[in-house]
Structures are given as C-alpha cells and as structure tokens.
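First comes the structure, then the notes that go with it.
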Amino acid sequence: MDFIKIKDLEVYANHGLFEEENKLGQKFLISAEIGMSFRDCAIEKNLDRSIDYGKLSHELYDLFKNETEDLIETLAYKMTKFIFDNYEIAETVDLTIKKPWAPINLPLDTASVRCNKKRRDYYIGIGTNLGDREAYIKSALEKMEEAGLRVLEKASIIETKAWGKTDQGDFLNTVVKVSSFEDPHDLLHILQKIEIDLDRVRHEKWGARTIDLDILFIDREIHYTDELIVPHPYIAEREFVLESLNELMPNYFHPILNKKISRLYKEVKDES
C-alpha cells in the first residue's frame, strides 16, 4: 500500500471543555496518513487519480478552524469521516490531533488523540416478516445510508419460509454489500440501533421481527467475540442466505470453511 502524509499542520482554533479554551483559543497540530494505491496516478501522471495533499491540507484546516467542539475526539472522527466521504481512493486513514497547550498543569510535550480506520466491505443479511415488509427493508437501507454506510450492491428480495422457528409468517430476505470505515463492533451497534428504530423487539430466539440485520461477512476477516461472530455461524445452513450471497458473490471463499459460496449453495440445495 502507498501513503500520503501530512505532518503537524498547525491550526489556531477554539476547542476544549474549558471556557478559556473556547474564548482564547490555542494551537493544535494535525497529522494524517492516508493509505491508497499510487499506480494509476503514477502511470497516467494524473493527479485526479491520487489525493492532492495541498488541497486536503486546506480542507482539513478549514474544517478544524470553522467548527467548535468540546472534545478533540469528535474532531478526529469528523475529519476521518470527511476524508473517507470525499476521497473514494482512500483505503486507510490514520489521523492524529496534538494539543501541545493542553491545560493540565504538568510538564509534557503534547497530549493527543489518534483515529485509525480502514475501509471495509460488509455483507449484511436483511430479513422481515412483520408489518409492511417491503417498507421495512426500504427504511433499513435508507437508515444505513443516513448512518454513513454506502450501499454498493443489493441482491434480489426473496420470500422464504421461516428458519429455526417455523410456526410464524413468511420472511422477505435479501443481502446487501456496503462499504464503511466503521470498525466491526461499531457497525454492529449502528445496525442494532436501526433495528430498534424500526420497532425490532427481541422476545424469543428466531422469532417474528419487523427487521433483522445480520453481519454475514467482513471482507475475508474472522471475528470471534462475545458480541460478534463473523462469518455468521449459520451461513452454510441457510439456503435463503446462500441464494442471495450466490447472486452477489458466487466465487467468494468462506474464510473458515474454505469453500466457494456457489458450492455451499449447491450443497444446501442438494440437502433440501
């Protein structure tokens, strides 16, 4: 991976929890390291295929100067989001804000915060079997976009019988591919909030629901925590999930089972 770096961009601005900081202002130093590929830019000799670090420096300066925030953590997140939102070529962003005049009454060189993110592709399963099912799917997609998730691809919506707990209404199901710089657990919390906003009530396992949003895959990463297991543990057993995944990514290899989605789909269909 190639990198563009901006180091210690000096900005005088009014940020901080204390009244004096907001009134008098102080010095901040901004550094950013952006991971990307120079190949197209280098071969075509076209700056539009890269990131103009002069232009970006002015953008970060103006963004930092023209807003007032209590926490530099908020500023670090906003500036990281700005880079990802405005520069599609950016694959990673490592941004640091230093606060050399931090009012802590102790000898120190500087206090700082750092935001280190990378762009990932997430595959999210969507299911619903209560109320206006089509409307719930549409609303879930709209709320994903509002939360900063960029929907790249959508599988067809299919109607299927309930899985796991079969004495309930039929489901509408689909899978979407989204791009996001949010870390996996943060994205999980975003999806859980969308479920709550769309009237999801968790009263029994595999029960009826207005909307269900499951993280199926994250690139080729494996996550195993008390809160999040990816790849989703039931992918290989659910024909309706594999049907949608097969539409979007038949040649993707399951990172644990080491089988193509197309093969897993065929196997589960042969068993049904």
Side-chain angles (χ1 to χ4, degrees), residues 119-165 168-182 184-195 197-198 200 206-223 228-272:
R119 198 188 298 273
R120 292 176 169 91
D121 287 337
Y122 291 84
Y123 289 86
I124 299 171
I126 303 177
T128 169
N129 74 334
L130 288 178
D132 189 337
R133 299 173 300 170
E134 292 89 349
Y136 276 120
I137 291 176
K138 180 181 178 183
S139 295
L141 293 173
E142 289 173 350
K143 288 183 177 294
M144 286 184 200
E145 293 276 7
E146 291 169 5
L149 313 184
R150 190 158 60 94
V151 178
L152 302 177
E153 295 182 67
K154 294 181 283 189
S156 304
I157 296 175
I158 57 177
E159 187 167 30
T160 65
K161 297 296 182 182
W163 186 92
K165 186 176 185 299
Q168 56 182 304
D170 292 349
F171 277 79
L172 290 186
N173 290 290
T174 189
V175 172
V176 297
K177 176 184 178 182
V178 305
S179 174
S180 176
F181 70 88
E182 300 286 2
H185 283 84
D186 291 333
L187 188 127
L188 173 65
H189 298 155
I190 289 170
L191 297 180
Q192 289 174 338
K193 183 179 185 305
I194 292 173
E195 289 179 336
D197 290 344
L198 295 179
R200 170 72 185 268
W206 297 327
R209 67 216 77 164
T210 56
I211 200 72
D212 187 28
L213 303 174
D214 288 331
I215 301 175
L216 304 173
F217 291 115
I218 306 171
D219 289 334
R220 288 194 55 79
E221 298 178 8
I222 297 172
H223 296 264
L228 178 64
I229 300 176
V230 175
H232 193 284
Y234 296 112
I235 285 175
E237 302 173 36
R238 294 178 172 176
E239 182 178 336
F240 64 91
V241 172
L242 288 167
E243 180 176 343
S244 294
L245 288 171
N246 190 60
E247 180 181 341
L248 295 181
M249 45 190 282
N251 294 319
Y252 175 90
F253 274 87
H254 192 295
I256 294 177
L257 301 178
N258 201 30
K259 295 180 180 179
K260 285 185 178 182
I261 291 298
S262 57
R263 180 179 172 186
L264 292 172
Y265 180 47
K266 182 179 184 304
E267 289 176 351
V268 76
K269 280 182 70 67
D270 289 343
E271 293 174 1
S272 61

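These numbers come from a predicted model, not from an experiment.
Across all their heavy atoms, N129 and R209 have their closest contact at OD1-N, 2.9 Å. For S179 against L152, the heavy-atom pair with the smallest separation is CB-CD1, 3.8 Å. Considering every non-hydrogen atom in both S139 and L198, the closest pair reads CB-CD2, 3.8 Å. Contact detail for V268 and A236: the closest heavy-atom pair is CG2-O, 3.9 Å. Between I194 and A140, the shortest heavy-atom contact is CG2-CA, 4.3 Å.
Remark: S262 engages no residue in a side-chain hydrogen bond (donor to acceptor under 3.5 Å, both in side chains) (not counting sequence neighbours). Among residues two or more places apart in sequence or in another chain, the salt bridge (charged side-chain N to carboxylate O under 4.0 Å, His left out) test is passed with E142 by none. Remark: D197 pairs with K193 by the side-chain hydrogen bond (donor to acceptor under 3.5 Å, both in side chains) rule, at least two apart or across chains. Every residue meeting the side-chain contact (heavy atoms from CB on, under 4.5 Å) condition with K269, not counting sequence neighbours, appears here in chain and number order: E239, Y265. Here F181 pairs with Y77, F84 under the ring pair (Phe, Tyr, Trp, His ring centres under 6.0 Å) rule; sequence neighbours left out. Here R220 pairs with nothing under the salt bridge (charged side-chain N to carboxylate O under 4.0 Å, His left out) rule; sequence neighbours left out. Under the side-chain contact (heavy atoms from CB on, under 4.5 Å) criterion, E159 pairs with R133, D170, L172, sequence neighbours left out.
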Return a table of donor-acceptor pairs under 3.5 angstrom between the side chains of residues 120-128 and protein atoms on other chains or two or more places apart.
from, atom 1, to, atom 2, distance (Å)
R120, NE, E221, OE1, 3.1
R120, NE, E221, OE2, 3.0
Y122, OH, E182, O, 2.7
T128, OG1, T210, O, 2.6

Could you list the donor-acceptor pairs under 3.5 angstrom formed by side chains in residues 246-259, with sequence neighbours left out?
from, atom 1, to, atom 2, distance (Å)
E247, OE1, S156, N, 3.1
E247, OE1, S156, OG, 3.3
E247, OE2, S156, N, 3.1
E247, OE2, S156, OG, 3.0
N251, OD1, K260, NZ, 3.4
Y252, OH, D219, O, 2.4
H254, ND1, I256, N, 3.1
H254, ND1, L257, N, 3.1
K259, NZ, E267, OE1, 3.3
K259, NZ, E267, OE2, 3.3

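Side-chain atoms of I222 and P231, non-hydrogen and from C-beta on, do get closer than 4.5 Å to each other. Within the 4.5 Å cutoff, side-chain heavy atoms of P184 are placed close to those of L228. Residues D214 and R238 have side chains in contact (heavy-atom distance under 4.5 Å, counting atoms from C-beta outward). Put simply, the side chain of I215 does not reach to within 4.5 Å of the side chain of H232, judged on heavy atoms.
In this structure, the separation between CG on N173 and OG on S244 is 7.0 Å, given to the nearest 0.5 Å. Rounding to the nearest 0.5 angstrom, the gap separating the CD1 atom in I218 from the CG atom in L187 is 7.5 Å. Atoms CD and NE2, on Q192 and H185 in that order, are 10.0 Å from each other to the nearest 0.5 Å. Residue K138 holds its NZ atom at 13.0 Å from NZ of K143, rounded to the nearest 0.5 Å.
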query: Hey, mind stepping through F217 and I235 against side chain to side chain contact (heavy atoms under 4.5 Å, CB included) and telling me if it holds?
result: CA-CA 10 Å; F217 291 115; I235 285 175; 3.5 Å; yes
message: Please determine whether side chain to side chain contact (heavy atoms under 4.5 Å, CB included) holds for the pair M144 and L213, giving the CA-CA distance in whole Å, both sets of side-chain angles, and the decisive distance to 0.1 Å.
response: CA-CA 11 Å; M144 286 184 200; L213 303 174; 3.8 Å; yes
